[in-house]
Amino acid sequence: MLIPVSQPLDLAATLLSGQAFRWRESDGWFDGVLFDNIVRLRHDTDGIEFTCAPDDERAIQPLLVDYLRLDVDLDAVYASIATDPRIEAAIARFRGMRILRQDPWECLIGFICSSNSNIPRITKNVESICTTFGRPIEANGSSRSAFPTPVELAGAGESRLRRLGLGYRAGFVASTAQTIVDGALDLATLREDSYEDALDALIALDGVGDKVANCVLLFSLDKPEAFPVDTHVEQRLNEWYLDGTKLSLPKMRHWAQERFGPFAGYANQYLFHDRRLRLKVSTTDDRSGS
DNA sequence: AGCCAGGCCCTCC
DNA sequence: GGAGGGCCTGGC
């Protein structure tokens, strides 16, 4: 089935830039798991070609449009955040990289797993969580698993999570899953809350600090002003903007939100992805050159 | 081998 | 409230 696309779109940058952890690329196709379906996407000249199973494509199509936020006018976002030549260059490099609208629960657990880790490992951890505790999905000879529900994950327990290689994050995942099961926090309602209120609610969860909370707000809770300051973004802000001024991470976040405005989170993602890829390229060059 | 990874929590001041 | 250290593990 085809989804017509008139918006700028870079599927690789969107799906493989550390927003979501379940997408794989092969032969120009991106394979993932969404809405209890195995989903395959490809960008062609007319738009997005996609297949899904086991559900009907007509049922999944609007959900996919929502997930990719194809309604967001990216050029208007760029006009809002392009405050200087350096971020303009990062935007130009990854023009079409979109911020996803993910399921808040899956997003939350994924980013609890991300702390002091790296994307290849996070990807492996999340996939292990799914295959061990999620419902299997078989379709057309391929097999993936749904992301486990809060009940399924709360039932896992810390020790079994630790055996998946989560390290000390296992306790955070178990605790947060239990909090959600207990009904102490309803993630879905956070979309209607203000940025500040939703931030406070998330930070109360075990294993969730300012950075992780801002990731969840940005990638799943309709808060485009969220600005997660991770190690890469911290470096970039220091290199490009702060000119030797030492700021604590929350102050750095606030500074960036003031500078980049209501779509600061988009600026964040371009700064992050640009620096992360630049590092990868330069290390590859070092190896081949020595 | 050793450093770093999309940080968080706890302690101490 | 802010700085500093510890932390599981694996990728490179």
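Residue numbers start from 1 in every chain, and the chains themselves are labelled A, B, ... in the order their sequence lines are given, proteins ahead of strands.
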Short side-chain to backbone donor-acceptor contact, A/Arg98 and A/Pro8, under 3.5 Å: yes
Calculate the interatomic distance between A/Tyr168 atom OH and C/dC8 atom P; express it in whole Å. 8 Å
From CD of A/Glu234 over to C1' of B/dA5, roughly how many Å is that when rounded to an integer? 13 Å
Ring centres under 6.0 Å, that's the criterion: do A/Phe111 and A/Phe21 meet it? yes
Once you measure the plane-to-plane angle for A/Tyr67 and A/Trp23, does it fall in the parallel (<30°), tilted (30-60°) or perpendicular (>60°) bin? tilted
Any non-hydrogen side-chain atom of A/Pro120 less than 4.5 Å from a side-chain atom of A/Lys124? no
Taking only the C1' atom of each, what is the distance from C/dG10 to B/dA1 in whole angstrom? 14 Å
Could you tell me which residues satisfy salt bridge (charged side-chain N to carboxylate O under 4.0 Å, His left out) with A/Arg24, sequence neighbours excluded, listed by chain and number? A/Glu127
From CZ of A/Phe172 across to P of B/dG6 the rounded distance in Å is 18 Å
Report whether A/Trp29 and A/Leu11 are members of the same hydrophobic cluster (ILVMFWY, side-chain heavy atoms less than 4.5 Å apart, transitive linking). no
Is a donor-acceptor pair below 3.5 Å formed from side chain A/Lys211 to base B/dG6, judging by atom type as modelled? yes
Are A/Leu74 and A/Leu68 linked, directly or through other ILVMFWY residues, by side chains that come within less than 4.5 angstrom of each other? no
Pair assignment for DNA chain C - dot-bracket with | for other-strand partners, Watson-Crick or G-U under 3.5 Å: |||||||.||||
Distance check needed: B/dG6 C1' versus A/Leu237 CG, whole Å only. 13 Å
Report the C-alpha distance between A/Phe272 and A/Phe227 in whole Å, list the side-chain angles of each, state the deciding distance to 0.1 Å, and finish with yes or no for ring pair (Phe, Tyr, Trp, His ring centres under 6.0 Å). CA-CA 11 Å; A/Phe272 170 77; A/Phe227 195 95; over 10 Å; no
A/Asn214 CG to B/dC8 C1': how many Å, rounded? 14 Å
Under 4.0 angstrom, heavy atoms only, what part of the nucleic acid is A/Val208 near: base, sugar-phosphate, or nothing? sugar-phosphate
Using modelled atom types and a 3.5 Å cut-off, is there a donor and acceptor pairing between side-chain atoms of A/Asn268 and backbone atoms of A/Ala264? no
Provide the closest heavy-atom pair for A/Gln257 versus A/Ala226 in the form atom of the first, atom of the second, distance. NE2-CA, 4.0 Å
Just grab all the side-chain hydrogen bond (donor to acceptor under 3.5 Å, both in side chains) pairs involving residues 167-176 of chain A, residues at least two apart or on different chains. A/Ser175-A/Asp206
Of A/Gly207 and A/Leu218, the one whose closest nucleotide on DNA chain B sits nearer the 5' end is A/Leu218
To check you understand the geometry: which heavy-atom pair defines the closest contact between A/Leu277 and A/Arg93, and what is its length? CB-NH2, 4.0 Å
What is the separation between atom CD1 on A/Ile203 and atom C1' on B/dG7, rounded to the nearest whole Å? 12 Å
Mapping A/Leu205 and A/Phe219 to their closest nucleotides on DNA chain B, which lands nearer the 5' end? A/Phe219
Under the 3.5 Å rule, do the base of C/dC8 and the side chain of A/Arg169 count as making a donor-acceptor pair? yes
For A/Gly18, which contact category applies under a 4.0 Å heavy-atom criterion: base, sugar-phosphate, or nothing? base
Among residues 104-126 of chain A, which residues get a heavy atom nearer than 4.0 Å to DNA chain B? A/Ser114, A/Ser115, A/Asn116, A/Ser117, A/Asn118, A/Ile119
Considering only atom P, compute the distance from B/dG6 to C/dG2 and round it to an integer number of Å. 27 Å
Applying a 4.0 Å non-hydrogen cut-off, can you work out what A/Val212 is touching in the nucleic acid: base, sugar-phosphate, or nothing? sugar-phosphate
Rounded to the nearest Å, what distance is computed from the CD atom of residue A/Glu158 to the P atom of nucleotide C/dC7? 15 Å
Could you give the CG-to-P distance, from A/Leu202 to B/dG7, as a whole number of Å? 17 Å
Qualifying residues under ring-ring contact (aromatic ring centres under 6.0 Å, His included), relative to A/Tyr270, sequence neighbours excluded: A/Tyr78
Separation between the C1' atoms of B/dC4 and C/dG6, rounded to whole Å: 16 Å
Base, sugar-phosphate, or nothing: which does A/Gln19 touch, judged by heavy atoms less than 4.0 Å apart? base
Stretch residues 240-264 of chain A: residues that reach within less than 4.0 Å of DNA chain B through a heavy atom: none
